[in-house]
Amino acid sequence: MSTSTGTDDSVHLPAFPGARSARCPFDPPVEYTRWRLSEGLQRVRTSHGKTAWVVSRLEDAKIVLSDPRISADSRRYPVLTASGQDEKMPPAFPRMDDPEHARIRRMLTGEFTVKRMEAMRPRLRELVDGILVEMIGEGRRPTDLVRAYALPVPSLAISLLLGVPYDEHPFFQQHTATLTSLDASQEERTAARRTLFDYIVSLVKQKEREPGDDLISRLLAERAATGELSRQDVAMIAQILLHAGHETTANMIGLGTLALLQNPEQAARLRDTEDPEVVAGAVEELLRYLTIAQDMMWRVATEDLTLGGQLVRAGDMLSVNLPAANRDAPFQDADTFDIDRNARGHLAFGYGIHQCLGQSLARVELQESLPTLLRALPDLRLAVPLEQVRFRHDMATFGVHELPVTW
Ligand code: HEM
């Protein structure tokens, strides 16, 4: 069994997340394979200069994410907010342990059922079509697909979920885009976040007066009315959903499109199929193969324990290396992108009690946006050489900053 040294050896340790190869940026950094295949866990230096254990095997990842001795609570372990977590995220239910976490999560699961998301699908399809018509109508070629398509889709999907009135969509979209824009300064991003939060607070008040068929209205009627949540809690939950569901999905649309453009046969198969099962399978494989959650799965051991043959001390930080785990068995030829494989069982949405709450919504967004784009623009192609695409190497979620395309 390997043992923890307990010393601060961070300067000599490999960085996590590591650097991807320019030749195939869809593959995790090469050292991840070595970490997965070697005994014990890998000691690393985090993006915030701390030391941590990295868990790279799929089975170990599932154990970490379901072991109650391992905490995600950022108030109990403030190190969690400064270690690759998004510090802008308010301490809220995703950063709590059960039973506190479960109390809030239970109030929200009904909002994200497959059935409810399927009911949203036709409306989402219309929104996707509208965004595409606008992008094509702009007549700009080349155009940045991230700005014109990948960001608006989740922004409008969340507008729909929260019940943002249609004529306020452009305002909502403009400020959500600033949150992720590289061109925006830190001050501009902070201002956009505050504006959005103020907007959400006013939306909550508006829904109190005139309830609609949306998540905020239901939380107010079912939870705020009984005293389980305050009006402020409802606004905070809405903000968390916006934060958790916007950038992630946008990155999957941007990077997913690039992966398809680099694999034209698979893109053609997805474009030409009318079988929803093939589309659903392709989306699962994109989620597995790309696994964008590269630096957001931080936890702390609350007591000494052994994990993957490694002694981990109480208070040690752990990160679950989802990109590595999704290239592990049982996936055969796991480094090959194959939309016809059975990718079920991947961990792109995490695992255990914090497994992505919005995954059914994310799936519908991807199933609608990717094939629609390929069908509307069969000649879609990258407008610059791959080497010039700017990747999000050092961000919590991997993806592309921009995707210059033409058709
Ligand atoms: C393709 C897009 C998405 C990806 C790859 C993704 C990935 C993830 C991952 C890996 C986690 C687990 C975090 C952890 O264990 O620490 C997570 C949690 C979460 N996600 Fe997503 N997500 C996506 C879309 C969404 C959407 C659309 C929403 C909602 C609108 C959403 C809401 C959440 C929430 C609320 C949590 C925290 C759940 C909890 O702690 O109980 N996500 N997501």
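Both ligands and their constituent atoms are indexed starting at 1 by order of listing.
Less than 4.0 angstrom separates some heavy atom of Met297 from each of these atoms of ligand 1: 10 (C), 12 (C), 13 (C), 14 (C), 15 (O), 16 (O). Interface atoms of ligand 1 facing Ala348, defined by a heavy-atom separation under 4.0 Å, are 5 (C), 7 (C), 10 (C). For ligand 1 and Arg299, the ligand atoms under 4.0 Å from any heavy atom of the residue are 14 (C), 15 (O), 16 (O). For ligand 1, the atoms lying closer than 4.0 Å to a non-hydrogen atom of Met252 are 1 (C). Listed by number with element, the atoms of ligand 1 under 4.0 Å from a non-hydrogen atom of Thr249 are 2 (C), 24 (C), 27 (C). Short contacts between ligand 1 and Gly350, defined as distances under 4.0 Å to a heavy atom of the residue, involve ligand atoms 10 (C). Of all atoms in ligand 1, listed by their number and element, those nearer than 4.0 Å to a heavy atom of Ala362 are 1 (C), 2 (C), 24 (C). Counting atoms of ligand 1 from 1 in the listed order, those under 4.0 Å from a heavy atom of His101 are 39 (C), 40 (O), 41 (O).
Residues Leu386 and Leu258 meet the side-chain proximity criterion, which asks for heavy atoms closer than 4.5 Å.
On a distance-only criterion, Glu365 and ligand 1 share no N/O pair closer than 3.5 Å.
By the 4.0 Å heavy-atom criterion, Ile353 is counted among the residues contacting ligand 1. For Gln359, the closest heavy-atom approach to ligand 1 does not fall below 4.0 Å. Assignment of Met296 to the shell around ligand 1 is supported, since a heavy atom sits closer than 4.0 Å. Heavy atoms of Arg363 stay at 4.0 angstrom or farther from ligand 1.
For the residues Leu287, Leu357, Thr248, the heavy atom positioned nearest atom 23 (C) of ligand 1 is part of Thr248. Proximity annotation for atom 29 (C) of ligand 1: of Ala102, Gly358, Ala396, Gly358 comes nearest, heavy atoms only. In the candidate list Phe93, Phe349, Tyr351, Trp298, Phe349 is nearest to atom 4 (C) of ligand 1, counting heavy atoms.
For the 3.5 Å distance criterion, the side chains of Thr195 and Asp198 fail to qualify, holding no donor opposite an acceptor. Between Arg121 and Gln367, the side chains place a donor N or O and an acceptor N or O closer than 3.5 Å (distance only, hydrogens not considered). In this structure, a donor-acceptor pair under 3.5 Å is absent between the side chains of Gln232 and Ser230.
Heavy-atom minimum distance, Val146 versus Leu403: CG2-N, 3.7 Å.
Contacts with ligand 1 closer than 4.0 Å are made by side-chain heavy atoms of Arg105 only, the backbone lying farther away. Looking at Arg95 against ligand 1, only its side chain comes within 4.0 Å, counting heavy atoms.
Comment: Arg392 engages Glu247 in a salt bridge, judged by a side-chain N to carboxylate O separation of less than 4.0 angstrom. A salt bridge links Arg288 with Glu285: at least one charged nitrogen is closer than 4.0 Å to a carboxylate oxygen. Salt-bridge formation is not detected for the pair Arg34/Glu31: no Lys NZ or Arg NE/NH1/NH2 atom is positioned less than 4.0 Å from an Asp or Glu carboxylate oxygen. Taking the charged nitrogens against the carboxylate oxygens, Glu284 and Arg344 have no contact shorter than 4.0 Å, which rules out a salt bridge.
Geometrically, Arg20 engages Phe398 in a cation-pi contact, judged by NZ or CZ lying under 6.0 Å from the ring centre and within 45° of the ring axis.
Side chain of Glu126 to main chain of Arg123: no donor-acceptor pair is present (N/O by atom type, distance under 3.5 Å, no hydrogens or angles).
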